[in-house]
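Let me begin by presenting the structure, written as C-alpha cells, before commenting on it.
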Amino acid sequence: MNKVYALVDCNSFYVSCERVFNPSLKDKPVVVLSNNDGCAISRSQEAKDIGIPMGAPIFKCQDLVNRHDVKVFSANFVLYGDMSGRVMSTLSAFTPELEVYSIDEAFLSLAGFKNLDYLVYGRTIKNTVKGQTGIPVSVGIAPTKTLAKVANHIAKDNPKMGGVFCFSDEKDIDQWLEKTPVREIWGIGAEKALFLNRHGITNALQLKNAPDQWIKKHLTVLTLRTVMELRGIPSVTFEEILPNKKAIVTSRTFGHEVSSLNEMEEAIASYVSKASEKIRYQGSVAGYIQVFIETNPFKGSYYRNSASLDISPPTAYTPQLVGIAKKLLAGIYKQGYRYKSCGVMLTNFSDENAGQQDLFKPIYTKSSNQRLMKVVDTHNQSVNNSQLFFAAEGLKKAWYMNQSHKSKRYTTRWDELLEIKI
DNA sequence: TCTGGGGTCCTAGGACCC
DNA sequence: TCTGGGGTCCTAGGACCC
C-alpha cells in the first residue's frame, strides 16, 4: 500500500505560545530570544517582514526593535514544552501512528485511510489544533516525509493555500520541485547546496533526477536517501516511539563572564545535576562523562578545553558524577581567563537494570543511592520545579543566565496562572 | 633504490536538524 | 555591554592486528 504522510508544523511556535496568553501581541512584531537573551530564535510574520533575520543577535537589531516597537521575550521553555505536549496530544487523535519530530513538528502516517480527502482532513487537523490549543499550524501532505516537508513549505509560503497543501500527482510534484531551491530541502544544508549549485543543480527537480552513483560518491548515502524521498520512495524511517537518547548535553552561556574556579564548579555541578536527572528519566546509567569550558570567542584571547573519563561501573548518581566532573574541571581550568560558558556531556549509556557489573566496586543499581535519587526526582517532578538540589550547585548562582523579558509559566505553576482583570 | 594488503575498531570533527 | 542549546549520523584517518 502507498504511504501518505502529513507533516504538521507549528507557525512561529514560541511566539505563538506567547500570543495564546497575551492576545495584545496579535498582528504585532514579536520575537523570542535564545537563552541569555542572545539571538532571535522565533519570529512572528510581522517581525520577519521588517527584516529581523533568524538567529540574529538581538543587540544588532536594536534599531529595528525600537523603530517598530517589537515585543521581545526571553525563552520560556517550561511553557513551550507544556504547550507542545497539548498540540501533540491533539494530533494523536488524528492517526494511530504519530511521530513527534521536534518540539513544534510531528509526522502523521495516514497510510491506512482509504478514500480520504487529504486536503479536507488537513484542514480539520489545522482547525482542531487551533481550537483546542490556540496554536496556528501548517500542514503538508505527501507520499514521503521529505516531500511532506516540501508541501509544508508550500502551505506556509502561499497564503492562498490556507495553511494546508497536498501534492496531487507526479506531474504536480515535479512542477513544485522545479520551483524549490535545493537549499530548502530537508537534509540539504548550506555546504551541500553550495556543492550542488556548483555542479548546476539548483532546484529540487534537478536533484531528484541526478544520477545515484554521482550523489553517493560526492554527497554520501544520506543525500541519496533524500533523493529517493524526492522520487516518492520512502527512505527515512518513521519512528513512533522515541528512542532513548544516546548522549545528553547540558551547557549554558553565563549571565556574565566567570573567572573564579568556585563559580565554575557551581555551574558544572548544576549542569551535571540536570543531565543526570535526564538520564535517570530514561532509565540509563552513564559510562562516560565529558566536561568542557570556553571563553568568549568574540573577544580577547580565546581558550577552550575539555576533559573526559570512562565511568566503570556506569552510574546515574548525581553526587558521584559531580565529584568526577569537578576533578575533570580542575584539570582544564586555567586562571586568568574570563569564561563565557561551560557544559557537561554524559554518554555511553546502558540500561540501569542491565548494566555490566563490576566485581570490585559498589554498583549504583539497587543501591540506597538509587533510592535517594528516586526520592529527589519524584519530589522535583511533583512540584515541577527544582526545589531539592545539591549544595554543590551553589545558592547565589551569580553566573546564572540573564532573562529579563520572561513571561509566566501560565500552564504549569499555580502561582503564575493567567490573571484577567475586569 | 626498494617498505603489503586487508581487516576492525575507535575517535574527532563535520554536516545537518530544530 | 550584548552572539543559544541540544541532538543525530557519517566519514576520514589513526591505531592496531595478522
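Convention: sequence-line order gives letters A, B, ...; per-chain numbering from 1. Predicted, not measured: the structure shown is a model, and the values here were computed from it.
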Interatomic spacing from CG in A:L230 to CG in A:L205 - rounded to 0.5 Å: 9.0 Å
Any A:S251 side-chain N or O less than 4.0 Å from OP1/OP2 of C:dG6: yes
Among C:dC9, C:dG4, B:dC17, the nucleotide that comes nearest once only the side chain of A:K149 is considered: B:dC17
Polar contact flag, side-chain donor to acceptor under 3.5 angstrom, A:Q403-A:K406: yes
Ring-ring centroid check A:Y339 A:W399, cutoff 6.0 Å: no
Distance-only side-chain donor-acceptor flag, A:T223 / A:K192, under 3.5 Å: yes
Sugar-phosphate only, base, or nothing, as touched by A:A56 at under 4.0 Å among non-hydrogen atoms: nothing
A:T253, nearest nucleotide to its side chain (from C:dC10, C:dG4, C:dT8): C:dG4
Touch class at under 4.0 angstrom, heavy-atom based, for A:S341 against every strand present: nothing
Donor on one side chain, acceptor on other, A:Y337 and A:S259, under 3.5 Å: no
Watson-Crick and G-U pairing of DNA chain B, under 3.5 Å, as dot-bracket with | and [ ]: ....||||||||||||||
A:N305-A:Y303 side chain donor-acceptor pair, cut-off 3.5 Å: yes
Pairs meeting criterion ring pair (Phe, Tyr, Trp, His ring centres under 6.0 Å) with involvement of residues 218-252 of chain A, two or more places apart: A:Y5-A:F238, A:F195-A:H218, A:W214-A:H218
Listed nucleotide nearest any side-chain atom of A:R183, set C:dG6, B:dC17, B:dC18: B:dC17
Any residue of residues 317-339 of chain A with a heavy atom less than 4.0 Å from an atom of DNA chain C: none
Selected nucleotide, minimal atom distance to A:K278 side chain, candidates B:dC18, C:dG7, C:dC10: C:dG7
Side chain of A:K245 - closest among C:dG7, C:dC10, B:dC17: C:dG7
Nucleotide nearest A:I41 (side chain, heavy atoms from C-beta), chosen from C:dC9, C:dG4, B:dC18: C:dG4
Side-chain donor-acceptor pair present, A:N197, A:T202, cut-off under 3.5 Å: no
Options C:dC2, B:dC17, C:dT8, nucleotide nearest the side-chain atoms of A:F59: C:dC2
A:N35, nearest nucleotide to its side chain (from C:dT3, C:dG4, C:dT8): C:dG4
Closest nucleotide among C:dG4, B:dC16, B:dC18 to the A:E191 side chain: B:dC16
Sugar-phosphate only, base, or nothing, as touched by A:A75 at under 4.0 Å among non-hydrogen atoms: nothing
Nearest to side-chain heavy atoms of A:R252, which nucleotide of C:dG4, C:dG5, C:dT11: C:dG5
Donor-acceptor pair between A:N22 and A:S407 side chains, under 3.5 angstrom: no
